[in-house]
Engineer: 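Can you read through this structure? Questions will come right after.
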Amino acid sequence: MRFGTWFVSTSFALLLLALPSRASAFERQWHAGVDFGYANLFGDQGSGGFGGGGHLVYGLSDAFNALLDVDVTRHASANANVWSGGAGIAYTLDVARAVPYAGLLIGGYKLTGDLSQVAPGVQIALGLDYQIERNWAIGFELRMHTIVAKDPVGTVAYGTGFLRFEYLWGF
């Protein structure tokens with residue numbers, strides 16, 4: 001057997017072995033979890049901070065999920081807290097143990113301290129969840145927020161990178 005044929009055959013066999021034994025997405029599946037990690041206010045008021053929150057996800061179909069997120073982060077150098085809540089929809093990009101997704105949320109923000117005000121905003125979410133077992137998953141999510149704040153602050157760019165732990169049910 002030639003090397004090229006052997007390589008292709010072996011690669012194909014390894015690929016088949018690497019496929020999950022069972023991969024499926026579920027309509028009407030619920031996810032509830034907690035998040036924590038790092039956040040950054042960009043621009044003139046730039047400041048890093050830490051925070052956390054919670055999320056609730058509902059499977060509308062095997063490809064689309066409804067999202068609800070609530071978070072708070074503390075930014076000591078800007079003397080500010082950012083409270084955020086958003087609702088939106090996400091598209092799951094794959095259906096396996098590791099599930100990447102992208103979503104869009106619309107929400108509200110309460111800025112306290114030196115940035116004190118309430119403002120609307122939008123979030124773009126990119127994430128990867130890994131299902132440890134049928135009812136438990138871990139993940140990581142990056143969100144870019146645009147907060148449409150009033151003067152004197154103006155529009156605020158805000159980013160979060162959170163680890164996620166969640167419980168799943170409703171298969």
Side-chain angles (χ1 to χ4, degrees), residues 23-75 78 80-112 115-132 136-151 153-171:
S24 56
F26 298 96
E27 296 173 354
R28 298 176 300 280
Q29 182 183 45
W30 288 91
H31 306 229
V34 295
D35 317 322
F36 67 91
Y38 182 77
N40 194 39
L41 288 165
F42 300 104
D44 295 340
Q45 66 280 353
S47 173
F50 293 93
H55 65 272
L56 186 64
V57 177
Y58 178 71
L60 300 171
S61 70
D62 62 349
F64 289 96
N65 291 331
L67 308 173
L68 183 61
D69 281 75
V70 178
D71 302 312
V72 63
T73 58
R74 172 71 183 145
H75 304 269
N81 293 331
V82 178
W83 297 79
S84 67
I89 194 161
Y91 178 71
T92 56
L93 304 174
D94 196 2
V95 182
R97 264 198 194 287
V99 180
Y101 60 90
L104 179 65
L105 296 92
I106 296 173
Y109 296 84
K110 178 176 173 78
L111 308 170
T112 62
L115 305 176
S116 187
Q117 61 186 285
V118 174
V122 64
Q123 306 171 23
I124 296 173
L126 297 173
L128 177 67
D129 288 340
Y130 179 79
Q131 194 168 346
I132 299 168
W136 295 98
I138 60 172
F140 184 75
E141 183 179 75
L142 292 172
R143 277 192 277 155
M144 194 62 206
H145 310 248
T146 300
I147 305 170
V148 186
K150 302 173 199 145
D151 290 333
V153 178
T155 300
V156 177
Y158 169 61
T160 56
F162 284 169
L163 291 173
R164 299 162 50 94
F165 299 92
E166 59 187 24
Y167 179 74
L168 296 79
W169 74 94
F171 308 99

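Here the structure is a predicted model, which means the values were calculated and not measured. For this chain, numbers begin at 1 and follow the sequence in order.
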Engineer: Rounded at 0.5 Å granularity, tell me how far NE2 in H145 sits from CG in N40.
Structural biologist: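 Reported to 0.5 Å precision, the distance equals 11.0 Å.
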
Engineer: Applying side-chain contact (heavy atoms from CB on, under 4.5 Å) to F36 and F165, what does each step give before you reach the verdict?
Structural biologist: CA-CA 9 Å; F36 67 91; F165 299 92; 3.3 Å; yes

Engineer: Mind running side-chain contact (heavy atoms from CB on, under 4.5 Å) on R97 and Y130 for me, showing each step along the way?
Structural biologist: CA-CA 6 Å; R97 264 198 194 287; Y130 179 79; 3.5 Å; yes

Engineer: I need the L111 CG to W83 CH2 distance, nearest 0.5 Å.
Structural biologist: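 One gets 12.0 Å once the value is rounded to the nearest 0.5 Å.
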
Engineer: Going by distance alone, is a donor N or O of one side chain under 3.5 Å from an acceptor N or O of the other, for T73 and Y158?
Structural biologist: yes

Engineer: Within a strict 4.5 Å, meaning less than it, do heavy atoms of the D35 and T160 side chains meet?
Structural biologist: no

Engineer: If every non-hydrogen atom of G139 is compared with every non-hydrogen atom of D129, which pair is closest and at what distance?
Structural biologist: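 Looks like CA-OD1, 3.7 Å.
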
Engineer: How many angstroms lie between CD1 in I89 and OH in Y101, if you round to the nearest 0.5 Å?
Structural biologist: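 I89 CD1 to Y101 OH: 14.0 Å, rounded to 0.5 Å.
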
Engineer: I'd like to know whether T155 forms a side-chain contact (heavy atoms from CB on, under 4.5 Å) with T146, so could you lay out the CA-CA distance, the side-chain angles of the two residues, the decisive distance to 0.1 Å, and finally the verdict.
Structural biologist: CA-CA 7 Å; T155 300; T146 300; 3.6 Å; yes

Engineer: Quick one: list whatever passes salt bridge (Lys or Arg N to Asp or Glu O under 4.0 Å) with E141, sequence neighbours left out.
Structural biologist: R143, R164

Engineer: For I106, is the CD1 atom crowded, meaning more than 12 foreign heavy atoms sit under 6.0 Å from it?
Structural biologist: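 Counting neighbours around CD1 of I106, 12 or fewer heavy atoms of other residues, nucleotides or ligands fall under 6.0 Å, so no.
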
Engineer: For the residue pair Y167 and W136, is the inter-centroid distance of their aromatic rings smaller than 6.0 Å?
Structural biologist: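 Judged by ring-centre distance (under 6.0 Å), Y167 and W136 do meet the cut-off.
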
Engineer: Over all heavy atoms of both residues, which pair between M144 and A157 is shortest? Give the atoms and the distance, please.
Structural biologist: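 So the minimum-distance heavy-atom pair works out to CE-CB, 3.9 Å.
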
Engineer: Can you name the nearest heavy-atom pair linking G53 to D71, along with the distance?
Structural biologist: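 Nearest heavy atoms, G53 then D71: CA-OD1, 3.5 Å.
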
Engineer: L126 and A102: which non-hydrogen atoms are nearest, and at how many Å?
Structural biologist: CD2-CB, 3.7 Å

Engineer: If you round to the nearest 0.5 Å, how far is CG of L41 from OG of S47?
Structural biologist: 6.0 Å

Engineer: If you measure from NE2 on H31 to CG on L56, what distance do you get to the nearest 0.5 Å?
Structural biologist: 9.5 Å

Engineer: Closest heavy-atom contact between L142 and G161?
Structural biologist: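 Answer, listing the atom of L142 first, then G161: CD2-CA, 3.8 Å.
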
Engineer: To the nearest 0.5 angstrom, please state how far the CZ atom of R28 sits from the OG atom of S61.
Structural biologist: 10.5 Å

Engineer: Less than 6.0 angstrom separating the ring centers of H55 and F162, yes or no?
Structural biologist: no

Engineer: Side-chain contact test, heavy atoms from C-beta onward, threshold under 4.5 Å: evaluate it for Q29 versus L168 and give yes or no.
Structural biologist: yes

Engineer: Mind checking whether Y91 and F64 have parallel, tilted or perpendicular rings, split at 30° and 60°?
Structural biologist: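 Ring orientation of Y91 relative to F64: tilted.
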
Engineer: So which heavy atom on A119 is nearest to which on A149, and how close?
Structural biologist: CB-CA, 3.8 Å

Engineer: Assess whether atom CD1 of I124 is packed by more than 12 heavy atoms of other residues, nucleotides or ligands within 6.0 Å.
Structural biologist: no

